[in-house]
Amino acid sequence: MQASKWQDVMGLGVAGNFAGHLEQAGEASDFVAVKVREAHAPKALFPFYVPGHSGQLGEYPVSSDTLWLPEAAVSGDEKVQIEPEVALLCELTYAGDEVVAVHPVAFGAYNDCSIRRPHARKISEKKNWGECSKGLSEPLLPIDGLQPGGPLDGYRICCYLERDGALMAYGVDSAVVDYSYFHDTLLTWVRDKLNHQQDEGPAEHINGLLKAAGHPARLIVSIGATRYTEFGETHFLMPGDVSCVVLYPAARYDEAAVRDAITRRQFAPDMCALVQSVKVRPA
C-alpha cells in the first residue's frame, strides 16, 4: 500500500475528535454555530483531497517523507503546525448515491499539517496547498474493521519535532482509544456525515463531492488531531525541521524506545512511522 499510488482514494478528515485540540489550535470559534448531538462529538468532516476536482482539492497532497511549506509560511506571514493523527483506509459500499457501509481495512500515522488561518471560510482552505502538504506513513498495517478489542486499541500516538539535532515532544503521547468517537460510534458518525452533511459554515457537502469524484471505492479518513505539548502549541514549522508522527503498541514499547527509533530511523514492523523532512516548496 504505497501512499504515492493512491490518487484515486478520496481524503477526508474529522474535525474536533480529541478534547482540547481545537482550543489549542485557535479553531474552536470556527465551530460555535455547528450543531452536534453531544458536547464531545466531532464537529464535521472536511475534504483534503478529492480525485478529479478542478480546484485546489484536486491537487494530490500526500507524501510519506517530505513536507513542503507554503511560501507564506517560509516568509513568516502564515503559521503551519503538525497535526498528529491516526488515518484509516476504508472501503465504501454504496446504494445509489448513499454510503451504506464504511469498512476500515488498514491504519497508519498521519500528519494533517495545517495552516493557521483564523478567518478561513472552510476547513479545507487550511489543509491542502498542493503537493507534499500532507503526510501518511507507509506501509499501512492491516485491520478488519474497528471493533472494540481490535489491534488498534492497544496503540498510542506520539509526535516529535526534530530541530537543530534536538528531538522535542510536539504532541501529547495519547492512547488511540482516547478519541472522543471511536469504534462503531465513529464509523456510524462518518457514514452519517458522508450522506447528510451540508454546505454550512465551515463544513462542506461531502456527498456531493463523493458523487463528483465518481463514487470512490476507498477513503483515507484521518480521525482527529491529538493535543499539543506546550512546545508544540507555541512553535511552528520551519525549513530544516523534521516532523515525526509514530503509532506504536504500548504493550511492547515505551517513550524511550520510540525516541530511540526516531533517532536511529529504524522502526519495528508493528510501528507506523511517518518521518517528513520540512522543506521550502520548489519554485
Side-chain angles (χ1 to χ4, degrees), residues 1-14 46-53 55-74 78-90 106-116 123-141 157-163 167 170-171 213 216 218-226 232 235-248 261-262 265-267 269 271-283:
M1 298 176 181
Q2 302 296 315
S4 59
K5 298 179 180 178
W6 291 356
Q7 282 87 349
D8 61 336
V9 180
M10 188 165 166
L12 299 173
V14 178
F46 61 86
F48 65 83
Y49 173 62
V50 181
H53 194 278
Q56 188 65 28
L57 288 174
E59 293 286 332
Y60 183 72
V62 177
S63 172
S64 63
D65 56 19
T66 303
L67 185 65
W68 287 346
L69 291 178
E71 184 176 341
V74 176
E78 288 188 319
K79 298 177 179 179
V80 176
Q81 283 179 299
I82 308 166
E83 291 205 5
E85 308 196 18
V86 175
L88 301 175
L89 176 63
C90 299
F107 70 93
Y110 183 77
N111 179 9
D112 185 34
C113 198
S114 298
I115 303 172
R116 298 305 175 209
I123 306 170
S124 61
E125 294 174 7
K126 312 172 188 181
K127 301 296 183 179
N128 182 342
W129 54 91
E131 188 177 354
C132 297
S133 57
K134 288 282 171 284
L136 180 63
S137 61
E138 57 177 56
L140 301 185
L141 297 183
I157 181 170
C158 65
C159 177
Y160 290 88
L161 179 69
E162 189 178 83
R163 176 175 289 174
L167 195 63
Y170 199 87
R218 299 185 297 170
L219 294 178
I220 288 290
V221 182
S222 62
I223 67 174
T226 58
H235 288 74
F236 304 95
L237 292 178
M238 298 169 23
D241 288 344
V242 179
S243 166
C244 311
V245 181
V246 181
L247 286 171
Y248 67 96
I262 292 173
R265 303 292 198 266
Q266 294 181 1
F267 300 95
M271 290 180 177
C272 293
L274 172 64
V275 179
Q276 292 177 284
S277 298
V278 181
K279 302 179 180 181
V280 177
R281 182 168 184 159

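Every value quoted in this text rests on a predicted model; they were computed, and no experiment measured them.
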Do you know the tightest heavy-atom contact between [X] and [Y]?
| X | Y | value |
| --- | --- | --- |
| Cys159 | Ile82 | SG-CG2, 3.6 Å |
| Cys90 | Val221 | SG-CG2, 4.3 Å |
| Gln81 | Gly232 | NE2-O, 2.9 Å |
| Ser124 | Pro47 | CB-O, 3.2 Å |
| Cys272 | Ser137 | CB-OG, 3.8 Å |

Going from [atom1] on [X] to [atom2] on [Y], what distance comes out if it is rounded to the nearest 0.5 angstrom?
| X | Y | atom1 | atom2 | answer |
| --- | --- | --- | --- | --- |
| Ser133 | Ile115 | OG | CD1 | 8.0 Å |
| Tyr160 | Cys244 | OH | SG | 9.5 Å |
| Asp65 | Glu138 | CG | CD | 7.5 Å |

Beyond-backbone contact of [X] with [Y], side-chain heavy atoms, under 4.5 angstrom:
| X | Y | result |
| --- | --- | --- |
| Phe48 | Ile220 | yes |
| Leu67 | Cys113 | yes |
| Tyr170 | Pro84 | no |
| Leu136 | Tyr110 | yes |
| Leu89 | Arg218 | yes |
| Leu161 | Leu237 | yes |
| Met10 | His53 | no |
| Tyr49 | Gln7 | yes |

Side chain to side chain contact (heavy atoms under 4.5 Å, CB included) between Lys126 and Glu78, intermediate numbers included: CA-CA 11 Å; Lys126 312 172 188 181; Glu78 288 188 319; over 6 Å; no
Using only atom types and a distance under 3.5 Å, with no angle test, would you say the side chain of [X] pairs donor to acceptor with the backbone of [Y]?
| X | Y | value |
| --- | --- | --- |
| Trp129 | Glu71 | no |
| Ser114 | Asp112 | yes |
| Asn128 | Glu59 | yes |

Pairing of Glu131 and Lys279 as salt bridge, 4.0 angstrom limit: no
Lys/Arg N to Asp/Glu carboxylate O, Glu162 vs Arg265, below 4.0 Å: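 Answer for the salt bridge query: yes.
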Side chain to side chain contact (heavy atoms under 4.5 Å, CB included) evaluation trace for Leu141 with Phe107: CA-CA 5 Å; Leu141 297 183; Phe107 70 93; 3.7 Å; yes
Side-chain donor-acceptor pair present, Ser63, Lys134, cut-off under 3.5 Å: no
